[in-house]
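Some notes on the structure that comes next.
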Amino acid sequence: MDVDELYGLALDRFIPGRASLVRELRSAGEREQAATVAALRKPSVAAWAVNQLVRTQRRDVDELFAVGDALREVQAGVLAGSADARDLRSAADHEREAVDDLVATARGLLSSGGHELSAITLERVSETLHAAALDDEARGEVSEGRLVRELRHVGLGGGLGGAVAAPATRPASQDRRATKDRRTTQGRQAGQDRQAVKERKAAETAQRREREAARKEARALERDAVREIDRAQRALRAAQDREARAHQALQEAEAGVSDAEAGVDAAVAAHRQAKQRLDAIQQ
């Protein structure tokens with residue numbers, strides 16, 4: 001298994017899969033790469049869902065990127081005066097439809113607990129896909145299929161479909177309405193900003209917990225490795241002791257064989273002498 005396969009696993013298999021990959025790399029002597037893998041973060045549920053879409057719905061994801069490029073071109077045309085609001089609305093609708101189609105597919109995915117993805121998670125999937133459609137950096141992260149946190153696009157987007165130039169003079173009622181609309185928009189934006197801050201803090205907390213879990217896991221792996229080294233060293237010493245005893249026994253056996261051979265030679269010589277004396281007496 002490699003890192004790419006790791007991020008393709010079911011969400012509840014990520015931590016065990018990461019630990020297994022770390023052990024494989026350490027066994028192969030690739031300690032630096034093992035440390036890099038040990039520091040990889042587990043994806044959020046929304047990020048995991050986007051990774052699955054990238055891996056299983058690549059044609060639809062590429063179509064999303066294409067309509068996102070088209071929307072950006074129209075936005076640039078509006079700013080340059082070469083396109084109008086109708087073109088922008090049409091391009092924004094196409095981008096929104098592409099996002100909605102992928103979100104509908106994500107709705108069929110199950111969380112690690114075997115439950116359907118929540119509405120909040122699907123909304124984060126939608127925001128991430130929207131960011132990938134309109135932002136090159138976000139698209140690069142999403143395309144790898146290794147996303148660990150959901151993304152949000154900040155800047156020009158499909159919401160500008162109704163933006164047109166205002167006339168030079170307007171009735172007071174229109175000014176009041178414009179002021180009210182602006183305040184409503186500002187209030188909505190402030191709420192979104194507060195939500196973004198809350199989500200960022202939650203993400204940072206989750207990241208800290210992930211890092212702490214990774215550190216604990218790395219320390220446990222290190223302790224296991226130290227114990228394994230100690231066991232291997234003890235086994236080596238025991239084998240060396242057995243080898244030394246066997247070598248000594250072999251030397252003693254060889255010495256015994258030499259002594260026995262010398263005894264045989266002496267006995268043969270004594271027998272020969274005795275036979276010679278016996279032959280001499282008989283004559």
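If you read the sequence from its start, that first residue is 1, and numbering goes on from there. Keep in mind it's a predicted model, so treat the numbers as computed, not measured.
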Taking the side chain as every heavy atom from C-beta outward, state whether [X] and [Y] have any atom pair closer than 4.5 Å.
X	Y	result
Pro43	Leu11	yes
Val37	Arg18	yes
Leu88	Gln75	yes
Arg149	Arg41	yes

Between atom [atom1] of [X] and atom [atom2] of [Y], what is the distance when rounded to the nearest 0.5 Å?
X	Y	atom1	atom2	value
Glu141	Leu151	CD	CG	5.0 Å
Glu30	Glu32	CD	CD	10.0 Å
Asp84	Asp87	CG	CG	4.0 Å

Results of side-chain contact (heavy atoms from CB on, under 4.5 Å) for [X] - residues two or more places apart only:
X	result
Gln276	Arg272
Ala106	Leu53, Leu109, Leu122, Val125
Glu116	Leu110
Ile120	Ser118, Arg124

Considering only distance and modelled atom types, tabulate donor-acceptor pairs under 3.5 Å from the side chains of residues 54-73, sequence neighbours left out.
from  : atom 1 : to     : atom 2 : distance (Å)
Arg55 : NE     : Gly145 : O      : 3.4
Arg55 : NH1    : Asp4   : O      : 3.2
Arg55 : NH2    : Asp4   : O      : 2.9
Arg55 : NH2    : Asp4   : OD1    : 3.4
Arg55 : NH2    : Gly145 : O      : 2.8
Thr56 : OG1    : Gln52  : O      : 2.7
Arg58 : NE     : Asp62  : OD1    : 3.3
Arg58 : NH1    : Ser143 : O      : 3.3
Asp69 : OD1    : Arg72  : NH2    : 2.9
Asp69 : OD1    : Arg139 : NH1    : 3.1
Asp69 : OD1    : Arg139 : NH2    : 3.0
Asp69 : OD2    : Arg139 : NH1    : 3.3
Arg72 : NH1    : Leu134 : O      : 3.1
Arg72 : NH1    : Asp136 : OD1    : 3.2
Arg72 : NH2    : Asp136 : OD1    : 3.0

N/O donor-acceptor pair under 3.5 Å between Ser27 side chain and Arg23 backbone: yes
When you measure from the side chain of Ser82 to the backbone N and O of Val78, does any donor-acceptor pair fall under 3.5 Å?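 Answer holds: no.
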Test: Asp93 and Arg89 ion pair at under 4.0 Å: no
With a cut-off of 6.0 Å (strictly less than), are more than 12 heavy atoms of other residues, nucleotides or ligands near CD of Glu137?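 Not buried by this count: 12 neighbours or fewer within 6.0 Å.
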Residues clustering with Val268 (ILVMFWY side chains joined when closer than 4.5 Å, directly or via others): Val264
Could you walk me through whether Val50 and Val142 satisfy the side chain to side chain contact (heavy atoms under 4.5 Å, CB included) test, starting with their C-alpha distance in whole Å, then the side-chain angles of each, then the deciding distance to 0.1 Å, before giving a yes or no? CA-CA 7 Å; Val50 172; Val142 168; 3.8 Å; yes
Show, in sequence, the C-alpha distance, side-chain angles and deciding distance for Leu9 and Met1, and conclude whether the side chain to side chain contact (heavy atoms under 4.5 Å, CB included) test is met. CA-CA 10 Å; Leu9 295 175; Met1 181 173 63; 3.9 Å; yes
Contact list for residues 4-37, test ring pair (Phe, Tyr, Trp, His ring centres under 6.0 Å), sequence neighbours left out: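 Found Tyr7-Phe14.
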Given the rule in the side chain to side chain contact (heavy atoms under 4.5 Å, CB included) test, do Lys42 and Val148 qualify, once you have shown the distances and angles that lead to the verdict? CA-CA 6 Å; Lys42 178 182 178 181; Val148 296; over 6 Å; no
Would you please name every residue forming a salt bridge (charged side-chain N to carboxylate O under 4.0 Å, His left out) with [X], sequence neighbours left out?
X	result
Asp265	none
Asp100	none
Asp2	none

Heavy-atom closest pair, residues [X] and [Y]:
X	Y	result
Val22	Ala34	CG2-O, 3.7 Å
Ala138	Ala131	CB-O, 3.6 Å
Leu6	Gly17	CD1-C, 3.6 Å

Does a side chain donor of either His130 or Glu95 reach within less than 3.5 Å of an acceptor in the other side chain?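 Distance-only check passes for His130 and Glu95.
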Which residues satisfy the side chain to side chain donor-acceptor pair (under 3.5 Å) test with Ser44, sequence neighbours excluded?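 By the side chain to side chain donor-acceptor pair (under 3.5 Å) rule, Ser44 matches Glu150.
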For Ser90, which residues count as a side chain to side chain donor-acceptor pair (under 3.5 Å) partner, sequence neighbours excluded? none
Assess the residue pair Thr128 and His153 against the criterion (side chain to side chain contact (heavy atoms under 4.5 Å, CB included)); give the C-alpha distance rounded to whole Å, side-chain angles, the decisive distance to 0.1 Å, and a yes or no. CA-CA 7 Å; Thr128 300; His153 178 68; over 6 Å; no
